[in-house]
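Residues: numbered from 1 along the sequence shown. What you see below is based on every heavy atom in this structure, not just the backbone, and it leaves out hydrogens, waters and symmetry mates.
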Amino acid sequence: MPLAFHSSTRPDGRLHRLRRGAAAALTTAVLGSTAAVLPVGPAHAAGPGQLIYVADQGSNSVAAVDSATGATVATIPVGTQPVNVALTRDGSQAWVVNSGSDSVSVIDTATNSVFATIAVADAPGSMSVSPDGARVYVAHTGPAGIEVIDTSSLTVFTTVPVGTYTSGLGLSPNGSRLYVSDFSSGAVSVVDTATLTVTASVPTNDPAGIAVSPDGAHVYVANYNDRAVTVIDGATNTVTATVPVGQVPYGVAVAPDGGTVYVGNRLGNSVSVIDTATNTVTTTIGVGAGPQAVLADPDGTRVYVANTFTDTMTVIDTATLTVTATVPAGSRPYGLAMGKAVLPAVTALAPDNGPTAGGTTVTLTGSNLTGTTAVTFDGTPAANLTVVNDSTVTATAPAHTAGTIDVTLTSAGHTAAAGQYTYEVPAPAITHIAPANGPVAGGTAVTITGSNLGGATAVAFGAVPAASFTVVDDTKITVTAPAAPAAGPVDVTVTTPGGSSAPAAVGRYTYSKDTTKLTAKPLLLSIAPGQLTVNLNLSATLTDTTTGKPVAGATITFTVGTTTVCTAVTTAAGTATCTGPCPVVAVLLNLGYTATYTGSPALAPTSATAGLVRLG
């Protein structure tokens with residue numbers, strides 16, 4: 001039966017070539033097939049951040065889907081009608097072919113945003129990224145050929161003429177050979193990537209999707225109109241087998257161990273599973289309508305299928321070869337790629353503490369931080385978020401109650417633990433004291449001004465605690481200065497739950513010595529003719545004139561002229577009394593005595609004089 005040519009252009013810019021009756025089958029597939037949307041189950045423990053990038057023709061975007069949850073973590077606008085996506089080996093970049101806008105978009109997977117757009121020839125379609133990430137090969141049909149992009153300069157540096165209608169690309173694992181499906185000529189061209197020349201051509205029937213085994217030994221080609229997969233020997237470039245599959249096969253994926261090949265049958269709404277040891281189909285799995293791209297999970301436990309006509313992605317468990325989930329996949333999903341996303345990681349948080357009022361600038365250090373969109377402190381967003389570079393982010397801590405909390409950082413849809421931060425009640429600080437001096441006896445009303453004084457539990461002048469104080473507000477305390485053991489400057493400290501204020505000149509209080517007074521009374525005495533000495537009964541009272549109280553325990557010295565008569569210690573009443581001999585000559589020459597107090601660390605010195613009154 002002759003083939004029917006359909007000259008309409010598909011959304012990806014390629015020409016349809018279907019057998020007669022295929023259009024009717026397509027209508028049945030779209031209208032008569034439904035995909036049961038299943039909850040995403042943990043078919044395997046996908047590592048965190050293992051993303052599937054889905055090229056969505058209908059929305060001109062690429063969706064980044066979490067393979068563990070099925071959730072779309074990012075939607076990235078690209079060019080018109082994206083049909084293919086491929087990741088660099090390190091997962092840092094996703095390259096997207098836009099068939100409608102004749103361009104290639106380059107996505108930074110750390111930020112999930114496009115950082116470059118490269119113009120290419122008309123109607124680009126398939127694409128491969130070299131293992132070292134240095135080159136990207138883009139197949140196009142206007143005119144047919146392979147454009148080679150230098151990824152360092154982001155420019156097309158050459159074009160390799162290949163065939164007349166390229167529809168699929170496959171790269172050997174070491175990157176030395178590029179296999180090109182030439183749909184119109186019915187052959188697979190082999191390009192030497194070192195010389196960028198065609199070295200062989202292997203006949204097939206309407207070759208479309210193509211995949212190379214992990215060891216490079218075999219090439220599997222979907223024959224679009226032939227319901228078969230051609231197996232090519234990679235060493236001899238000869239066909240070794242033809243495996244019948246479903247209707248209109250297109251997408252091909254090889255399991256990581258090379259033991260199984262999965263083929264998406266676009267009009268069969270199914271995936272054929274081929275055992276590579278026998279080159280036979282072992283089972284056929286029903287999927288959504290229009291399976292286009294087929295992707296094998298690098299860990300070998302799942303296969304993903306983009307169902308173009310139902311806007312879904314089917315997940316197949318490779319152990320049971322059953323569908324475990326069908327998840328939304330944007331609008332007209334066409335291309336699939338998978339790789340570990342570049343996840344954010346925080347290795348240091350400094351400072352890791354600050355006041356409960358917030359306001360501390362915190363620096364987070366780590367890797368892959370360029371795409372940071374949020375930093376939270378116990379769930380509260382930080383202010384003034386600044387991405388300094390890929391390893392440094394700064395943010396201002398919000399207010400929070402006292403305690404240790406968790407900090408997180410979110411980048412490219414992924415949230416990473418950033419460490420712990422301790423909120424502390426701030427220590428008080430004194431900025432002014434008035435008056436700043438007073439007597440050792442204490443009793444002076446003092447006003448302390450500063451910050452964070454609220455909740456004060458103690459106020460001390462030097463080592464002496466104040467008996468009482470009043471917290472007026474967070475900036476003021478009134479207190480009565482306690483008595484001091486000695487005159488001189490002391491540091492005033494305020495203690496709160498946040499700590500004690502630091503010593504500072506503005507928080508110093510100076511004690512001055514109390515003034516004192518001695519009172520001595522005249523002494524009546526009698527001197528007999530020829531008497532050489534006389535016993536004097538001397539007395540004086542010492543008073544603290546600052547407090548008006550008598551001073552006990554003070555030593556008083558009594559002298560007549562230069563003669564020391566005696567010393568005595570004051571009683572509780574402040575009186576010192578003593579008796580001592582004194583030469584009569586000294587008495588007659590001075591006719592008075594002196595009581596002297598030399599002072600103490602707390603009391604000023606003083607003296608007093610009283611007369612010696614002779615009787616008869």
Side-chain angles (χ1 to χ4, degrees), residues 35-56 58-59 61-78 82 85-96 105 107-114 253 256 287-288 292-307 310-319 322-346 366-374 376 408-418:
V37 178
L38 305 176
V40 177
H44 76 297
Q50 193 170 15
L51 300 180
I52 303 168
Y53 287 84
V54 185
D56 287 325
S59 60
S61 64
V62 170
V65 179
D66 190 311
S67 62
T69 65
T72 297
V73 300
T75 300
I76 309 144
V78 289
V85 58
L87 268 70
T88 53
R89 179 168 289 182
D90 63 4
S92 64
Q93 296 175 355
W95 287 65
V96 185
S105 298
I107 296 172
D108 181 345
T109 58
T111 62
N112 277 330
S113 61
V114 173
V287 293
Q292 175 68 28
V294 181
L295 170 69
D297 192 314
D299 69 9
T301 61
R302 287 182 176 182
V303 169
Y304 304 91
V305 184
N307 305 310
T310 55
D311 298 337
T312 61
M313 180 173 69
T314 296
V315 183
I316 298 173
D317 186 319
T318 59
T322 58
V323 173
T324 59
T326 300
V327 298
S331 176
R332 301 213 312 274
Y334 207 88
L336 297 175
M338 188 176 194
K340 288 287 185 181
V342 183
L343 298 179
V346 178
S367 57
N368 306 317
L369 306 184
T370 300
T372 299
T373 55
T376 64
T408 62
L409 177 145
T410 300
S411 176
H414 299 279
T415 298

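- Within the 4.5 Å cutoff, the side chain of I76 has heavy atoms near those of the Y53 side chain.
- Taking A345 as the reference, S367 meet the side-chain contact (heavy atoms from CB on, under 4.5 Å) condition, with sequence neighbours excluded.
- With 3.5 Å as the limit, one finds no donor-acceptor pair spanning the side chains of T373 and T410.
- Looking at residues two or more places apart in sequence or on another chain, you find no side chain to side chain donor-acceptor pair (under 3.5 Å) involving T318.
- Between P328 and T312, the closest side-chain pair of non-hydrogen atoms is not below 4.5 Å.
- Among V323, T324, V305, the one residue that satisfies the side chain to side chain contact (heavy atoms under 4.5 Å, CB included) test with V315 is T324.
- Interatomic distance, OG1 of T326 versus CD1 of I316, reported as 9.0 Å (0.5 Å rounding).
- T72 is linked by a side-chain contact (heavy atoms from CB on, under 4.5 Å) to A63, V65, T75, counting only residues two or more places apart in sequence or in another chain.
- A distance-only check finds no donor-acceptor pair linking the side chain of D56 to the backbone of G58 [under 3.5 Å].
- P333 and A329 make their closest contact through CB-O, 3.5 Å (heavy atoms, listed as atom of the first residue, atom of the second, distance).
- With a 4.5 Å cut-off on side-chain heavy atoms, L51 and V73 count as touching.
- Taking OG of S67 as the start and CD1 of I52 as the end, the distance is 5.5 Å to the nearest 0.5 Å.
- S411 and N368 share no donor-acceptor pair across their side chains, judged by distance under 3.5 Å alone.
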